[in-house]
Protein chains: 2
Amino acid sequence: MHTLSKNQQIIFDIIDKSPEPMKAYSILFNVQKKGIKAPLQVYRALDKLVEIGKIHKIESRNAFIACQNSSCQVSKATAFSICESCEKVTEINNSSLSKYLSNFKDKAGMKYSKYNLEFFGLCKKCTTK
Amino acid sequence: MHTLSKNQQIIFDIIDKSPEPMKAYSILFNVQKKGIKAPLQVYRALDKLVEIGKIHKIESRNAFIACQNSSCQVSKATAFSICESCEKVTEINNSSLSKYLSNFKDKAGMKYSKYNLEFFGLCKKCTTK
DNA sequence: ATTTAAATGTTATAATATAACACTATGTAA
DNA sequence: TTACATAGTGTTATATTATAACATTTAAAT
């Protein structure tokens with residue numbers, strides 16, 4: 001198991017507490033009182049946290065959320081649902097989906113070591129509005 | 001069917017001819033001799049081309065490729081394979097995959113109108129190196 | 001012909017991300 | 001416990017990606 005460094009812990013905590021994905025400069029703004037002053041300090045921690053699977057990047061939003069899947073040590077198979085109205089993002093944890101995708105082979109026989117899937121739609125709340 | 005405007009056509013052509021995904025500022029550099037001078041002119045064309053499905057954005061790379069699926073008018077179900085060594089990107093056109101994903105419902109019953117999937121691995125060439 | 005929507009041109013600026021370099025802390029193995 | 005390697009930090013500067021705002025032009029649809 002990984003012990004987080006000081007900056008990594010600070011930045012993980014703020015992402016973990018956030019109800020929505022956080023952007024790098026919003027994180028920066030929020031941790032300046034803790035002595036983290038420069039973008040690079042944030043990006044370095046983000047890179048590491050992504051690498052070890054504690055957080056994931058929502059690519060379509062350039063934003064980061066804490067991993068919701070406690071058993072997920074390394075980030076190599078991720079799926080998210082994104083509401084295009086309220087921007088709520090949820091990590092999808094569905095074994096049928098992950099099995100299907102992990103075993104997927106394309107026609108060229110290429111086997112994949114990693115994937116990221118982002119679904120878009122309207123969440124329940126936004127559908128009934 | 002859509003008729004592309006002058007800028008849209010110029011920018012689509014250069015992406016379509018490219019063997020690899022193109023980044024916005026690389027596109028800009030390449031079309032400056034055609035009179036397109038500003039980033040915004042490029043981004044506006046890109047937005048429209050994505051909207052009508054002529055090109056797709058590779059989110060993890062901030063780059064754009066022409067749609068390889070001639071029947072695809074609107075961009076709402078996309079899947080790509082990305083080689084992490086040579087950065088070759090291929091659009092995946094697999095009806096089993098697209099059926100599976102188009103019908104996927106999460107536990108909350110949310111039905112999705114759109115998805116984007118990016119697989120990462122090593123292409124055949126890079127595997128044998 | 002007139003109106004409306006879409007596209008263009010332009011300047012400025014916002015937002016996202018990395019390069020380079022000097023230094024510090026931590027873990028590991030002799 | 002010292003030395004060595006690896007990972008993390010701090011800092012300044014800069015690169016890359018993307019949008020705001022506004023004036024004008026073109027195309028399409030009555």
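Phosphate proximity of dA17(C) to Tyr43(A): present, with a side-chain N or O under 4.0 Å from OP1 or OP2. The phosphate of dG10(D) has OP1 or OP2 within less than 4.0 Å of a side-chain N or O from Asn7(A). Under 4.0 angstrom from either OP1 or OP2 of dA15(C) there lies no side-chain N or O belonging to Asn62(A). For the OP1/OP2 pair of dT16(D) and a distance below 4.0 Å, the side-chain nitrogens and oxygens of Lys23(B) include no atom meeting the criterion. Taking side-chain N and O atoms only, Ser5(A) has a distance below 4.0 Å to OP1 or OP2 of dT9(D). Residue Lys57(A) places at least one side-chain N or O under 4.0 Å from the OP1 or OP2 atom of dA17(C). Considering only side-chain N and O atoms, Lys6(A) lies under 4.0 angstrom from the phosphate OP1 or OP2 of dG10(D).
Between Phe119(B) and Tyr115(A), the ring-plane angle classifies as perpendicular under the 30° and 60° cut-offs.
To the nearest angstrom, C1' of dT9(D) lies 16 Å from CD of Gln9(A). Taking atom NZ on Lys48(A) and atom P on dA7(D), their separation rounds to 6 Å, with Å as the unit. As a whole-Å value, the separation of Leu46(A) CG from dA17(C) P is 9 Å. Computed from coordinates, the Asp47(A) CG to dT16(C) P distance equals 16 Å when rounded to whole Å. Atom CZ of Arg44(B) and atom P of dC22(D) are 14 Å apart (whole Å). The distance from atom OH of Tyr25(A) to atom P of dT18(C) is 10 Å, rounded to the nearest whole Å. Straight-line distance from the NZ atom of Lys37(A) to the P atom of dA13(D): 15 Å, rounded to whole Å. What separates CZ of Phe29(A) from C1' of dA15(C) is a distance of 16 Å, to the nearest Å.
A 4.5 Å side-chain heavy-atom check between Ile82(B) and Ser60(B) finds at least one atom pair inside the cut-off. Counting heavy atoms from C-beta outward, Glu20(A) and Glu87(A) have side chains that stay 4.5 Å or more apart.
Here Leu117(B) contributes atom CG and Thr78(B) contributes atom OG1; the two are 8.0 Å apart, rounded to the nearest 0.5 Å. Atom CZ of residue Phe104(B) and atom CE of residue Met110(B) lie 11.0 Å apart, to the nearest 0.5 angstrom.
Ser96(B) and Tyr100(A) share a side-chain donor-acceptor pair at under 3.5 Å.
Axis angle between the ends of the helix from dA1(C)-dT30(D) to dA30(C)-dT1(D), five pairs each and rounded to 10 degrees, works out to 50°.
Nearer to the 5' terminus of DNA chain D, by closest-nucleotide assignment, is the contact made by Gln41(A) (compared with the other of Leu40(B) and Gln41(A)).
When atom types are taken as modelled, the side chain of Gln9(B) and the backbone of Leu4(B) share no donor-acceptor pair closer than 3.5 angstrom.
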